[in-house]
Number of protein chains: 2
Amino acid sequence: MSRSHIDVTEQVDNPACPVTEVLDRVAGKWAIGILVAAAKGPVRFTELERGIEGISRRMLTLNLRKLEREGLLVRTVYPTVPPRVEYECTEMALELNETLLALVDWARLHSGDIACAHATYDAAQAQDQEAAPSTRSVPLSA
Amino acid sequence: MSRSHIDVTEQVDNPACPVTEVLDRVAGKWAIGILVAAAKGPVRFTELERGIEGISRRMLTLNLRKLEREGLLVRTVYPTVPPRVEYECTEMALELNETLLALVDWARLHSGDIACAHATYDAAQAQDQEAAPSTRSVPLSA
DNA sequence: CTGAATCCATCCCGATACTG
DNA sequence: CAGTATCGGGATGGATTCAG
């Protein structure tokens, strides 16, 4: 790469580039949770289903397939009765997991600030509401 | 599990926790692009609109509002004619941007592997198709 | 146990048009 | 220039049911 510094802007902002494409997939609602859960070692389907609060079986399957297709998870089927399937992070996924954990750390570190920002923003909106009710469809007090 | 180490799993897998909540927002299709674009300094609305290929005005506005609400962007209106609005990353967002860049780097580093994984996976699927057409709704040759 | 298939509600998102 | 309003299609996601 001949660029002296990292100018990823043009890369990221181009939806056709592989970076954005990949990021879109990891960006899903459940992907991070699954990846983090699988980072600690092989995990069974049901373990994930119970471990990830709120996910449906369908969504779990879908995400698992997607991540497997991305090459982030390896699916291993043990031909036993009853069937046993384990999902394991690939090396690539473990690397990604490092970054993901950094992301999580960031989120935890600033969750307070963000909650505060929400409150501030919402309060400001409420102010604007009563300050400029011009677009109100129903008159205030007839 | 005595959580002597960082056990973020339970944090991430709980949809009610602030971490997941925050991550969901940054995980959007455009958020990363906007954040990265704004990291280099104040940016005007139209600059973003033109810079981010494929985004609609509506989506840009929505994402901008969301990120502002998250406390990641600061919106500054200059009461001039014509109006001039600038968006700037907060310090918090700049920190996040570091991690985001790591994510982008990872994606670029492994985009080849991922493309390869796609091909392999899809090929395997095609194999399964012709290997086990048992669930086919139309008989093969009457 | 581990899915696949179907149905259905929701919501995201893009295109378009209008405004201060 | 920097939005807002509205509409409609398509993707997303949950519940349920069936199957290997």
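These numbers come from the heavy atoms of this one structure, side chains and all, not from hydrogens, waters or symmetry mates. Numbered from 1 within each chain, the chains take letters A, B, ... in sequence-line order. On a predicted model such as this, the values are computed, not experimentally measured, just so you know.
- Here C:dC13 presents its P atom at 11 Å from CD1 of B:I34, a figure rounded to the nearest Å.
- What separates CD of B:Q125 from P of C:dG3 is a distance of 12 Å, to the nearest Å.
- Put simply, CZ on A:R84 is 18 Å from C1' on D:dG20, counting in whole angstrom units.
- The side-chain heavy atoms of A:W106 and B:E98, taken from C-beta on, include no pair separated by under 4.5 Å.
- Across the protein-nucleic acid pair, B:R75 atom CZ and D:dA2 atom P stand 10 Å apart, rounded to whole Å.
- Around the CD atom of B:E47, the shell of radius 6.0 Å holds more than 12 heavy atoms that belong to other residues, nucleotides or ligands.
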Nucleic acid footprint by protein, nucleotides 11-17 of chain D - heavy-atom cut-off 4.0 Å, B for base, S for sugar-phosphate alone: --BBB--

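- When the C1' atom of C:dG3 is taken as reference, atom CZ of A:R65 falls 7 Å away, rounded to whole Å.
- Regarding B:L60, its CG atom lies at a distance of 13 Å from the C1' atom of C:dG14, rounded to whole Å.
- Remark: A:R84 pairs with A:E86 by the salt bridge (Lys or Arg N to Asp or Glu O under 4.0 Å) rule, at least two apart or across chains.
- Considering only side-chain atoms of B:T61, the nucleotide from D:dA2, C:dG3, D:dT4 that sits closest is D:dT4.
- Note on B:Y87: only backbone sugar-phosphate atoms sit closer than 4.0 angstrom, heavy atoms only; bases stay farther off.
- Atom CE of B:M59 is separated from atom CD1 of B:I34 by 10.0 Å, given to the nearest 0.5 angstrom.
- Under a 3.5 Å cut-off, the side chain of B:T90 and the backbone N or O of B:G71 do form a donor-acceptor pair.
- Proximity of B:F45 to B:R57: side-chain heavy atoms (C-beta onward) are separated by under 4.5 Å at one or more points.
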